[in-house]
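First listed ligand is number 1; within each ligand, the first listed atom is number 1.
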Amino acid sequence: MDNEANAAEWVRRDEAVIWHGFTQMSTFGTNAPIIVERAEGRELIDVDGRRYLDAVSSIWMMTLGHRVPELDDAVRDQLDRIAHSTMLGHGNVATIEFAEALAPRLPVDDAHLLFASDGAAAVEQALKIAFQFWVNQGVTDRTTFLAFGGAYHGDTVGSISLGAGGFGTDLFDPLRFEVLRAPGFDDPACVEVACKLIAAHHERLAAVIVEPLVQGAAGIHVRPAHEFAALEAACRAHDVLLICDEVAVGFGRTGTLFASDRCGIRPDLMTVGKGITGGYLPMSATAASRRVFDAFLGADLGPATLYHGHSYAGNALAAAVARRHLQLLDEWNVLANVEARAAELDRALGDAVAPLPQVREVRQQGLMVGVELDPPREGMRWGRKVSAACVEQGVLIRPLGDVVVAVPMLTTTPDDVERIVGTIAGAITLAAR
Ligand SMILES: *Cc1c(COP(=O)(O)O)cnc(C)c1O
């Protein structure tokens, strides 16, 4: 009884001062929000001591777990040196050391890294760089981008322009700039159509932007890795820049360090975020190839300069934890665990979830899973109900419409896999009653 009062009191305090993203605040309090106090490993612990297996990795951010001693130590060690200093015209040891460790691992030629704090900002940087890349070379008519249907690249005005409609973005149509739109990953011909569009419109295209392998926010839609080589080839043939947005798929989520690695492609620009610090601190980056970087070299304070930079970019605490995180991915052989658990997930979902009559399709790549439900009519909010039933059972799941999404951490165990799949299967049966 006391406990219930405790949770309710925290929700009341929350509502009084906080505006939650992607959340209708009039119903926030009645949708049983979890108020987290602390965490252990892959579990969140709320203000009443209840535990939840974090099966969405705090929306695709956490990789190794919460409170990893090695990562905690990396932050503490860096605190004894410095937390932050500006990257505008000056440098920082922690940021240099991280960039030196990351650059050779990126599938980008001789990568230079422009840091920011959020994925959307990394995308915004990539699109400005791609645009200015051409202007710096005297080409002024390459002002258009090609993006895919279903794409999600973040919530700033530039990134919602590149993204497809939905998620309430249509409202901002008067502010969104026009892009050339290929079909979404749910259309098997999408890459082929994109290649034709590139051939037809290359003279006005600055760049193509794609989420390689998996469109996450679209509801976990997957294309086979080999298809992306054709996209890269079309970009090369017509001299259009290729931007790979790996904010969701980067840092091991799909089983390779980067999805572009599995696809065998080397983009001109790549955006990373989410898992970059293991989910510890806000950091994102735009990686540019040598060719792109060189197009911005010129006179001091001259017009070739990229006039863009965020206040917290290259934060030293974030860089220190990101560097240790990259080491741990190797030291713990984390990618092998991702592949093994992904295979188990695939089998378990095939056995327990895919055959359910309420399920239209199960989609998966690595540790990204989308279970598309098949409600008999619109407006039944099955996605939300199934997710709420999972949370009741202590497994934190969040839907995208009627797609139940699970994105477990990279250190997930066989027991976790069984629990996540069993809970989802039980919740689907329950919610459909
Ligand atoms: C989450 C996401 C973003 C935006 O990242 P934020 O850190 O939320 O701004 C961009 N692109 C993709 C593919 C994402 O999944």
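At a heavy-atom cutoff of 4.0 Å, ligand 1 is contacted by the side chain of Glu211 but not by its backbone. The parts of Asp118 lying near ligand 1 are both backbone and side chain, judged by heavy-atom distances below 4.0 Å.
Glu339 and Arg262 are joined by a salt bridge, as a carboxylate oxygen and a charged side-chain nitrogen come within less than 4.0 angstrom of each other. A salt bridge links Asp173 to Arg176: one of the charged nitrogens lies within less than 4.0 Å of a carboxylate oxygen. Salt bridge status for Asp330 with Arg105: present, with a side-chain N to carboxylate O gap under 4.0 Å.
Ligand 1 has a nitrogen or oxygen under 3.5 angstrom from a nitrogen or oxygen of Gly119.
Proximity of atom 8 (O) of ligand 1 to the protein is not indicated, since no non-hydrogen protein atom lies closer than 4.0 angstrom.
Distance CD/Gln132 to CG/Leu127: 12.0 Å, rounded to 0.5 Å. Taken to the nearest 0.5 Å, the CG atom of Leu396 stands 4.5 Å off from the CD1 atom of Ile34.
Between atom 14 (C) of ligand 1 and the options Met61, Met283, Lys274, the minimum heavy-atom separation is to Lys274.
Counting heavy-atom neighbours within 6.0 Å of Arg51 CZ, excluding the residue itself, gives a total above 12.
Between Phe145 and Phe177, the ring-plane angle classifies as tilted under the 30° and 60° cut-offs.
Distances below 4.0 Å separate heavy atoms of Gly154 from the following atoms of ligand 1: 4 (C), 10 (C). Set against the non-hydrogen atoms of Ala120, the atoms of ligand 1 under 4.0 Å away are 4 (C), 5 (O), 6 (P), 9 (O). Heavy-atom proximity to Ala248, at under 4.0 Å, picks out these atoms of ligand 1: 15 (O). Interface atoms of ligand 1 facing His153, defined by a heavy-atom separation under 4.0 Å, are 10 (C), 11 (N).
Protein heavy atom closest to atom 11 (N) of ligand 1, with residue, atom name and distance, is Asp245 OD2, 2.7 Å.
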